[in-house]
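Worksheet for the structure shown next.
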There are 2 protein chains.
Amino acid sequence: MNNNVKIAKALSDPIRYKIMLMLAQSEAGCCPIPGVEDQRPGLCNCELMTELGLIQSRVSYHMKELVEAGLVTEEPRGKWKMYFINTKSLRQFMEQLNQDFALR
Amino acid sequence: MNNNVKIAKALSDPIRYKIMLMLAQSEAGCCPIPGVEDQRPGLCNCELMTELGLIQSRVSYHMKELVEAGLVTEEPRGKWKMYFINTKSLRQFMEQLNQDFALR
DNA sequence: CCATCATATCAATTTTTTTTGATGGAAAGC
DNA sequence: GCTTTCCATCAAAAAAAATTGATATGATGG
């Protein structure tokens with residue numbers, strides 16, 4: 001299946017789209033480990049759960065979908081799992097849309 | 001529901017994505033009416049059926065999805081129904097992605 | 001080691017989407 | 001008028017996706 005279809009499918013769920021927005025807007029990493037410098041903006045499951053009001057397995061499911069589509073990268077941080085938006089894949093998605101549909 | 005989610009959902013089916021590609025690449029309108037000047041590039045159900053090898057109701061269903069998402073416009077032409085890609089909606093989709101995810 | 005916390009995964013269920021075959025309507029040609 | 005062609009829509013079935021609750025894994029801190 002065409003990769004753009006995969007990306008579109010990942011973005012086609014309201015919860016996942018909202019999660020992407022949250023990742024894009026996250027200012028500082030949640031669950032910071034004291035002393036660790038690299039605190040890229042990102043979110044962990046725990047934060048997503050509380051913000052979205054969803055149970056853990058549901059968040060986990062959607063994050064897996066986003067990661068498998070390549071829209072999100074993940075990184076264990078201590079006992080937490082941090083998620084980061086992968087803007088590169090979004091750019092590629094748009095680039096492909098431009099090509100496919102001769103938008104420029 | 002967010003309009004980008006609607007667009008993404010419409011694009012998230014392989015058949016619909018392929019139809020969009022076909023519409024984008026259509027050179028001349030099929031089912032031309034003799035004497036009518038305005039023959040914008042577009043396709044009708046009949047052509048989509050044969051090209052895709054799908055039954056009529058299935059094509060009809062997917063075209064309805066695309067039209068309702070705003071990705072495609074339709075126009076009766078004689079007993080045929082012509083479909084045209086709506087690049088404007090695609091542009092808006094991408095513009096919104098840019099904004100939402102701070103891609104530029 | 002043990003208890004706890006954060007997350008992953010699984011099976012069962014629910015919901016949504018897609019597909020199909022049938023029927024009906026509208027336009028075109030005879 | 002009648003027939004044919006093209007398309008829309010419907011109900012039922014099939015397929016796919018999402019949700020839930022339970023259980024498992026893995027790191028942390030005592």
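Numbers restart at 1 for each chain; the letters A, B, ... are given by sequence-line order, proteins then strands. Computed over heavy atoms, backbone and side chain alike; hydrogens, waters and symmetry mates excluded.
Going from atom CD of Glu68(A) over to atom C1' of dA17(D) covers 13 Å, rounded to whole Å. The NZ-P distance, from Lys79(B) to dC30(C), rounds to 10 Å in whole Å. As a whole-Å value, the separation of Arg77(B) CZ from dT5(D) P is 21 Å. Per the geometry, CG belonging to Asn45(A) stands 14 Å off C1' belonging to dT25(D), to the nearest Å. Separating the CH2 atom of Trp80(B) from the P atom of dA8(D) is a distance of 15 Å, rounded to the nearest angstrom. The separation between Glu74(B) atom CD and dC6(D) atom P is 18 Å, rounded to whole Å. Separating the CD atom of Glu75(B) from the P atom of dA27(C) is a distance of 15 Å, rounded to the nearest angstrom. For the pair Leu54(A) CG and dT20(D) C1', the computed distance is 12 Å after rounding to whole Å.
Contacts with DNA chain D (heavy atom under 4.0 Å) in residues 2-22 of chain A: Lys9(A), Asp13(A), Ile15(A), Arg16(A), listed by number. Contacts between residues 58-67 of chain B and DNA chain D, counted as heavy-atom distances below 4.0 Å, involve Ser60(B), Lys64(B).
For Gln56(B) against dA8(D), a side-chain N or O and a base N or O form a donor-acceptor pair under 3.5 Å.
Side-chain atoms of Ser12(A) never come within 3.5 Å of backbone atoms of Val5(B) as a donor-acceptor pair (strictly under, hydrogens ignored). Put simply, the side chain of Arg16(B) never gets that close to the backbone of Met63(B): no donor and acceptor are under 3.5 Å apart. At least one donor-acceptor pair under 3.5 Å links the side chain of Ser89(A) to the backbone N or O of Gly70(A).
Interatomic distance, Asn2(B) CG to Gln96(B) CD, rounded to the nearest 0.5 Å: 6.5 Å. Met1(B) contributes atom CE, which lies 5.0 Å from atom NZ of Lys9(B) (distance to the nearest 0.5 angstrom). To the nearest 0.5 angstrom, Arg58(A) atom CZ is 13.5 Å from Asn45(A) atom CG. Atom CG in Leu43(A) sits 9.5 Å away from atom CD1 in Ile19(A) (nearest 0.5 Å).
Linking Ile, Leu, Val, Met, Phe, Trp and Tyr whenever their side-chain heavy atoms come within less than 4.5 Å leaves Tyr61(B) and Met82(B) in two separate clusters.
Taking the centre of each ring, Phe101(A) and Tyr17(B) come in below the 6.0 Å mark.
Set against dT28(D), dA8(D), dT20(C), the side chain of Ile55(B) has dT20(C) as its closest nucleotide. Closest to the Ser57(A) side chain, of the nucleotides dT9(C), dT7(C), dC7(D), is dT9(C). Which of dA28(C), dT7(C), dC7(D) sits closest to the side chain of Cys44(A) comes down to dT7(C).
Proximity of Lys81(B) to the phosphate of dA8(D): a side-chain N or O atom is located under 4.0 Å from OP1 or OP2.
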